[in-house]
Protein chains: 2
Amino acid sequence: MSQKRQLLVDTALTLFYRNGINSIGINEILNVSGVAKRTLYAYFQSKEALVLAALQQRHDTFAAWLETVLTGAKSDEEVVLKLFSALESWFNGGESQLGDFRGCFFINTSAEFSDVNSDILRFCHHHKEATREIIARHLKSADGLLLDAICLMKEGAIVSAHLAGKNNLLRKGASTYCTLLQPKVPSKRWVSNT
Amino acid sequence: MSQKRQLLVDTALTLFYRNGINSIGINEILNVSGVAKRTLYAYFQSKEALVLAALQQRHDTFAAWLETVLTGAKSDEEVVLKLFSALESWFNGGESQLGDFRGCFFINTSAEFSDVNSDILRFCHHHKEATREIIARHLKSADGLLLDAICLMKEGAIVSAHLAGKNNLLRKGASTYCTLLQPKVPSKRWVSNT
DNA sequence: TGCGAGGTAGACAGAGTGGTCTACTTTTTT
DNA sequence: AAAAAAGTAGACCACTCTGTCTACCTCGCA
């Protein structure tokens with residue numbers, strides 16, 4: 001069956017996300033999961049193939065989460081509000097589907113690899129585009145600048161929450177800023193009218 | 001003399017920034033710089049000490065650059081405008097002091113290490129706080145939310161420009177958005193009045 | 001002329017890496 | 001009950017990693 005395969009991907013994702021991909025060796029994944037090395041190489045051609053499977057799984061999980069977060073928003077303001085309060089909940093460990101927060105797995109991963117044409121980096125780019133499109137689909141207005149601005153602040157919030165650490169004010173301050181700001185200032189005033 | 005030491009730090013910083021710290025071994029730094037291994041370990045106790053020296057040098061360079069960028073701004077709006085147009089120039093390779101753009105060295109580094117109490121991660125946090133204070137010093141208003149918002153968008157812009165790659169619209173769109181937005185909407189309206 | 005500081009070259013140790021392979025056991029299917 | 005499929009344990013290979021060590025060289029200075 002593919003139970004073992006799934007166990008490998010789950011374990012790999014957990015360890016990669018927590019520690020970074022280059023810091024985690026195949027043997028550690030095998031020790032933690034309890035799976036034999038032979039089995040791993042029956043399912044995956046190489047470590048890179050396992051990394052790609054972990055990225056894919058994380059993307060699926062994140063996309064599904066984001067979809068449910070944004071579903072039901074009645075206005076663009078509500079989209080922004082829902083998004084940033086969900087992000088804040090994630091930063092504080094309140095989104096069990098996403099696990100303990102340690103930044104964006106794809107940003108982290110792209111910091112570890114330099115070959116821009118590698119499958120791994122291409123997948124990271126793909127994730128960001130796909131995420132952007134999910135948000136776009138939930139917005140009423142087709143304003144590209146609004147979409148850009150939302151994505152920009154989303155990335156900034158994730159990175160800041162990660163790098164600022166737990167005992168830093170920026171974390172709560174910034175995300176509460178996001179939630180506070182939106183309902184007061186209309187998005188059209190806030191962004192477009194070039 | 002410390003010529004060799006400086007050469008080692010320069011080489012290490014270049015390679016670390018371009019490829020990630022865990023992807024670059026001591027031997028590669030030695031090959032590229034042409035320095036002997038014995039000499040490296042005469043100046044640095046370990047690879048970690050060399051990493052810290054590279055982080056320190058990058059921080060000094062970046063802080064000096066940011067200082068000159070923000071100097072002379074007459075208003076908070078101008079601070080924001082100067083900051084984001086300088087960032088955009090950096091993304092496009094136009095800031096020779098900072099070298100070729102490959103994201104934020106400190107964000108990238110913090111993705112590779114997981115021990116929050118390590119000297120390396122502590123230095124990355126320190127860099128972000130110091131950067132924040134440089135910006136704060138150049139702002140007229142003491143509005144913490146404005147400062148948070150600027151830092152948030154700054155991180156978002158850096159990360160997006162890095163991850164989106166060269167052929168992605170988000171890069172220019174987002175940064176030009178930053179520059180376009182600011183002079184039209186006053187910052188006080190844009191941020192505070194809780 | 002000699003000495004010492006600073007540097008070079010590179011062998012080496014010990015641990016760890018991704019990946020292959022043989023031999024064996026367990027589980028599932030027919 | 002027998003055969004086929006799936007998995008285990010771990011030795012092993014070739015390589016890389018950080019860090020140590022010996023032996024030698026090349027200057028400036030006295």
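Letters A, B, ... are given to chains in the order of the sequence lines, protein chains preceding strands, and every chain is numbered from 1.
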Visitor: Please determine whether side chain to side chain contact (heavy atoms under 4.5 Å, CB included) holds for the pair His162(B) and Asn108(B), giving the CA-CA distance in whole Å, both sets of side-chain angles, and the decisive distance to 0.1 Å.
Guide: CA-CA 10 Å; His162(B) 179 213; Asn108(B) 294 353; 4.1 Å; yes
Visitor: In terms of relative ring orientation, are Phe105(B) and Tyr17(B) parallel, tilted or perpendicular, with 30° and 60° separating the classes?
Guide: perpendicular
Visitor: Hey, can you tell me if Phe101(A) and Phe91(A) have their rings parallel, tilted or perpendicular (30° and 60° cut-offs)?
Guide: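 Tilted.
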Visitor: Indicate whether OP1 or OP2 belonging to dG7(C) is found under 4.0 Å from a side-chain N or O atom of Tyr43(B).
Guide: yes
Visitor: For the residue pair Arg58(A) and Phe106(A), would you count it as a cation-pi contact if the rule is NZ or CZ under 6.0 angstrom from the ring centre and within 45 degrees of the ring axis?
Guide: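 Judged by the rule, Arg58(A) and Phe106(A) form no cation-pi pair.
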Visitor: For a quick check, tell me whether the side chain of Lys37(A) and the base of dG19(C) share a donor-acceptor pair closer than 3.5 Å.
Guide: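 Yes.
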Visitor: Separation of Leu40(B) atom CG from dC21(D) atom P, in whole Å?
Guide: 16 Å
Visitor: Rounding to an integer number of Å, can you tell me how far Lys4(A) NZ sits from dT8(D) P?
Guide: 4 Å
Visitor: Both Asn27(A) and Gln45(A) contact DNA chain C. Taking the nearest nucleotide for each, which residue is further toward the 5' end?
Guide: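 Its nearest nucleotide lies further toward 5', so the answer is Asn27(A).
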Visitor: Specify the separation, in whole Å, of atom CG of Leu50(A) and atom C1' of dG19(C).
Guide: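 Going from CG in Leu50(A) over to C1' in dG19(C) covers 13 Å.
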Visitor: For dG18(C), take OP1 and OP2 only and decide whether either is under 4.0 Å from a side-chain N or O of Lys47(A).
Guide: yes
Visitor: Send over the distance from Ile26(B) CD1 to dA11(C) P, rounded to a whole Å.
Guide: 19 Å
Visitor: Go through dT18(D), dG19(C), dA6(D) for me and flag the one nearest to the Tyr41(B) side chain.
Guide: dT18(D)
Visitor: Please report the distance, rounded to the nearest Å, between CG in Asn31(B) and P in dA9(C).
Guide: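 It works out to 11 Å between those atoms.
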Visitor: Figure out the CG/C1' separation between Leu30(A) and dG16(C), and round it to whole Å.
Guide: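 One finds 14 Å between C1' of dG16(C) and CG of Leu30(A), rounded.
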Visitor: Check every atom of dC21(D), dC17(D), dG18(C) against the side chain of Arg38(B) and return the nucleotide holding the closest atom.
Guide: dC21(D)
Visitor: From CG of Leu8(B) over to P of dG6(C), roughly how many Å is that when rounded to an integer?
Guide: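 One finds 15 Å between P of dG6(C) and CG of Leu8(B), rounded.
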Visitor: For Asp100(A), is the CG atom crowded, meaning more than 12 foreign heavy atoms sit under 6.0 Å from it?
Guide: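 Check fails, neighbour count at 12 or below.
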Visitor: dG18(C) P sits how many Å from Glu28(A) CD, rounded?
Guide: 10 Å
Visitor: Any side-chain N or O of Thr39(B) below 4.0 angstrom from OP1/OP2 of dT8(C)?
Guide: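 Looking at the OP1 and OP2 atoms of dT8(C), one of them is under 4.0 Å from a side-chain N or O of Thr39(B).
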